[in-house]
Amino acid sequence: PPSARTSRPATPVRPPDPSDPSAMVLSLTCAVQNYDWGITGDSEVASLGERNTGTSADREKPHAELWMGTHPSGPSIVKGTGEGLKETIAAKAEEFLGKVTLETFGADLPFLTKVLSVAKALSIQAHPDKTLARALHADRPHVYKDANHKPEMTLAITEFEALCGFVAHDVLVQNLSKVPELRAAAGEDASAAFVAAPSTATLRRVFTAVMTASAEIVSESIQSLVSRLRKEGKSALSPVDALALRLETQYPGDVGVLCAYLLNYVTLRPGQCIYLAANEPHAYLQGECVECMATSDNVVRAGLTPKLRDTAILCDMLTYNAGEPTVLDGDAIKSEPSGATKSNVKVRRYVPPFDEFQLETYEVEAGSTCLASVSPGPCVFLVFGGAGEMGGEKVARGSVVFAKADEAVSITAGEEAIVAYRAMINSRVFA
């Protein structure tokens, strides 16, 4: 990938005062979430969280998410002061966020970054747009805890499996023919209407019919499906059939099992990324990833979950767009050199069609230094591997640092290469 063509002396870095909230970068202590679907034993969330917080992780508990940001359900704390990052930003909002960010998004960090360790399927879900989020929050603030939308993107650390968006119309026509249990759950009227004239309207009808089918119909359909697939044998199963059986073992009798035939089954390789707009159905299935999203925790669920289901809202809110999701491999970009050569610094950028965020990955070889491109908005860095310095602050695996707007952040790797992720506001906001 492209990188620096010439060498120049490293830019002098002033040592930060960790108790000074205007220091070059602020080291953060982040929140770990132990949800049921997380990985028990060794996982990235357990390991990174342990190193970040200095607290030993109980690996008998499932570790699901590491949160980096200002959302009240898992706020980050500035290590040098003990103050919340949200409060620290609010005290000097324009300095920390930059004028454009402040005017565009208000006096808070507009994105939330997470690491996810997924052992079993998350719920069949979608995130509301701003209009619906405001209505849900006003109606049930104890369930929908903020009034923001939640577009998001997922960058695979390991091989990562997900259900994402509706399958193309021709695929669903085939599934309604080849999977009689899906057709039974949808009902003959809705199924025949879609096969005769595939459209957004008839797709809505099929999905709503499946998700709102009676418990008796769902149970009979899934029992019949499982019985048939097991008789056919593993060698005869398609990947989607195998997924349906796996989902049924995780959530026996759940209508979400049938969503394997309604939504795209995607497997990302490490370094690949997908993004999801508001009102698009999805479910993460297995693997570990870095996720970035607008600062929100609003989730509307309807399957594969013991949590509250708002099935009618989910069915009503979806766009019913169909087709395979866009997979991003990232664009190689140049980093500012500080003694760097073409071979020792690699930067990739992943840009979704959302204003609030984009992601970058950094690989800085041992003994090398680079300058991250300066953003007019705030940035959050996660050190995934290696050790060295970032913005003058000593960092190692698990370190998370916040850089304010227009801050030139140098990254220096020590004896080991540094691998890091940077979350930042989408560059198009400043164009």
Side-chain angles (χ1 to χ4, degrees), residues 1-4 68-69 97-98 100-105 108-116 127 129-130 148-157 160 162 164-165 264 266 268-280 282 284 288-296 319 321 323-336 345-364 370-382 384 400-409 411 419-431:
S3 71
M68 297 160 273
L97 300 176
V100 173
T101 303
L102 182 60
E103 291 176 349
T104 305
F105 301 108
D108 194 8
L109 188 67
F111 56 83
L112 172 63
T113 312
K114 300 179 182 181
V115 176
L116 271 61
H127 307 299
D129 58 27
K130 287 185 177 181
N148 201 14
H149 68 161
K150 192 186 174 187
E152 63 188 29
M153 67 188 302
T154 301
L155 175 57
I157 296 173
F160 193 83
C164 179
N264 295 290
V266 178
L268 300 177
R269 299 189 305 272
Q272 289 189 317
C273 180
I274 53 174
Y275 58 81
L276 291 153
N279 301 329
E280 298 295 346
H282 60 281
Y284 297 151
E288 300 187 274
C289 70
V290 173
E291 189 181 35
C292 197
M293 65 207 71
T295 299
S296 173
T319 65
N321 294 327
E324 294 184 1
T326 299
V327 176
L328 303 178
D329 291 305
D331 299 315
I333 63 169
K334 294 180 180 180
S335 63
E336 290 295 322
V345 177
K346 297 177 182 178
V347 185
R348 298 195 75 80
R349 178 176 291 169
Y350 300 81
V351 183
F354 314 126
D355 287 347
E356 284 87 350
F357 54 86
Q358 63 189 31
L359 281 170
E360 291 179 347
T361 60
Y362 284 78
E363 297 179 32
V364 183
C370 76
L371 290 176
S373 60
V374 175
S375 172
C379 303
V380 172
F381 291 85
L382 164 67
F384 185 75
V400 177
V401 300
F402 171 88
K404 62 186 179 181
D406 297 311
E407 193 69 74
V409 178
I411 304 173
V419 177
Y421 296 90
R422 173 164 72 157
M424 57 201 294
I425 292 169
N426 195 315
S427 300
R428 74 182 190 182
V429 171
F430 309 109

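Residues Gly377 and Ile425 share a closest heavy-atom pair of CA-CD1, 4.4 Å.
Under the ring-ring contact (aromatic ring centres under 6.0 Å, His included) criterion, Tyr350 pairs with no residue at all, not counting sequence neighbours. Scored by the side-chain contact (heavy atoms from CB on, under 4.5 Å) test, Asn264 finds Val167, Val266, Glu324, Pro325 as partners (sequence neighbours excluded). Legend: residues meeting salt bridge (Lys or Arg N to Asp or Glu O under 4.0 Å) with Glu152, ordered by chain and number and at least two apart, are absent. With sequence neighbours left out, Ala277 forms a side-chain contact (heavy atoms from CB on, under 4.5 Å) with Glu280, Phe354. Taking Phe105 as the reference, nothing meets the ring-ring contact (aromatic ring centres under 6.0 Å, His included) condition, with sequence neighbours excluded. With sequence neighbours left out, Asp331 forms a side-chain contact (heavy atoms from CB on, under 4.5 Å) with no residue at all.
The 12-atom threshold is exceeded at CZ of Arg428, counting heavy atoms of other residues, nucleotides or ligands nearer than 6.0 Å.
Pro376 has its side chain out of reach of Val100: every pair of non-hydrogen atoms, C-beta onward, lies at least 4.5 Å apart. Side-chain atoms of Val380 and Arg422, non-hydrogen and from C-beta on, never get closer than 4.5 Å to each other.
Note on ring orientation: taking the six-membered ring where Trp is involved, the planes of Phe381 and Tyr362 are tilted (angle from 30° to 60°).
Rounding to the nearest 0.5 angstrom, the gap separating the CG atom in Leu276 from the CE atom in Met153 is 10.0 Å. Distance NZ/Lys114 to OG1/Thr154: 10.0 Å, rounded to 0.5 Å. Separating the OG1 atom in Thr101 from the CZ atom in Phe430 is a distance of 4.0 Å, to the nearest 0.5 Å. The distance from atom SG of Cys370 to atom NZ of Lys346, rounded to the nearest 0.5 Å, is 13.5 Å.
Not a single donor-acceptor pair under 3.5 Å links the side chain of Glu360 to the backbone N or O of Val347. The backbone N or O of Leu109 sits less than 3.5 Å from a side-chain atom of Thr295, completing a donor-acceptor pair.
Counting only N and O atoms by type, the side chains of Asn426 and Glu356 include no donor and acceptor under 3.5 Å apart.
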